[in-house]
Amino acid sequence: MIQLKGVRKSFGKNEVLKGVDLSVKTGEVVVVLGPSGSGKTTLLRCINFLEAADDGELTIGDTKISFKHATSKEILNVRRQTAMVFQNYNLFSNMTALENVMEGLVTARNVPVAQAKEIAQKALDKVGLTDKYDSFPLQLSGGQQQRVGIARAVALNPEVILFDEPTSALDPELVGEVLAVMRKVAQDGITMVVVTHEMSFANDIANHIVFMDEGVIVEEGSPKEIFSNPKEERTKQFLERIL
Ligand code: ADP
């Protein structure tokens, strides 16, 4: 469903992605692991053109796009098929939870307001925030804000949701509620690519795990293969440090 081929990205002289290939099948949850600075977030941001990759190809559905030569129409099209959940939620502080979820539907997808409201309510119900429609972000806990972030992504009904370290800004006691919501989303069969440091969550939820280091994919496989029987030395060292 999504295929990346030979993705390269540099920031100045710092080559952050050194030719990354990645395949994500429909309905699959792919978890990207790796040390800090290995390029995980940059890879995720390249998928929906939040970051402009220097080279490589993206295939999404039936469409193949060259990162170098992508037209604005192609970029818009990719953005319509993807949604992102950010580390720091990225909610509009002057809008209620409901308005935050409606915003993208109304402005980017041209959904009529009444219909957007209905979709947004359903999405907030799904993440357990039925009683928080009218709350502003600052009236919500971090976990609740991130659940609004997930509702906003789900409401767009994208082909894939990209999660960029969705729990890393949260106090430890709030991590569980966000992971629970993500499990629920995964159970609905939504395709997900998740950058996370939550190993037991990755082990439970992932169909496929990708281990990155220094801008390349070092190893990939099922959770069992990666966690119980890693083949590459760098994977072993990373897991030993973190587990
Ligand atoms: P990870 O998500 O694995 O921690 P990142 O993709 O965030 O890694 O970062 C990889 C490297 O790219 C780091 O060295 C980081 O400093 C650099 N980097 C990321 N974004 C930018 C940017 N906008 N400008 C310059 N350097 C960046």
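These values consider heavy atoms only, across backbone and side chains, with no hydrogens, waters or symmetry-generated copies. Start at 1 and go down the list; that is how both ligands and their atoms are numbered. Small disclaimer: the values here were computed from a predicted structure and weren't measured.
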Q | Side chains of Q146 and L174 in contact at under 4.5 Å (non-hydrogen atoms) | A | no

Q | Minimum non-hydrogen distance to atom 1 (P) of ligand 1, winning option of G37, S168, C46, G12 | A | G37

Q. What are the two closest non-hydrogen atoms of S135 and L140, and how far apart are they?
A. CB-CD2, 3.7 Å

Q | Pair E51-R45, salt bridge (charged side-chain N to carboxylate O under 4.0 Å, His left out): steps then yes or no | A | CA-CA 5 Å; E51 210 67 79; R45 291 170 63 87; 3.3 Å; yes

Q) Is any side-chain heavy atom of T167 closer than 4.5 Å to a side-chain heavy atom of F201? A) no

Q.
Quick check on G34 - does any of its heavy atoms sit under 4.0 Å from an atom of ligand 1?
A. no

Q) Looking only at N/O atoms, are T42 and ligand 1 under 3.5 Å apart anywhere? A) yes

Q: Give the numbers and elements of all ligand 1 atoms closer than 4.0 Å to a heavy atom of V16.
A: 10 (C), 11 (C), 12 (O)

Q) Looking only at protein heavy atoms, which one is nearest to atom 19 (C) of ligand 1, and how far off is it? A) F11 CE1, 3.4 Å

**Q.** Atom indices of ligand 1 within 4.0 angstrom of P35 heavy atoms, with elements
**A.** 3 (O)

Q. For ligand 1, which atoms have a heavy atom of S38 less than 4.0 angstrom away?
A. 1 (P), 3 (O), 8 (O)

Q.
As a quick check of understanding, evaluate salt bridge (charged side-chain N to carboxylate O under 4.0 Å, His left out) for R147 and E177, giving each step before the final call.
A. CA-CA 8 Å; R147 282 150 65 193; E177 66 188 69; 2.6 Å; yes

(Q) Using a 4.0 Å cut-off to any heavy atom of N14, which atoms of ligand 1 qualify? (A) 14 (O)

Q.
Are more than 12 heavy atoms, taken from residues, nucleotides or ligands other than I242, located less than 6.0 Å from that residue's CD1 atom?
A. yes

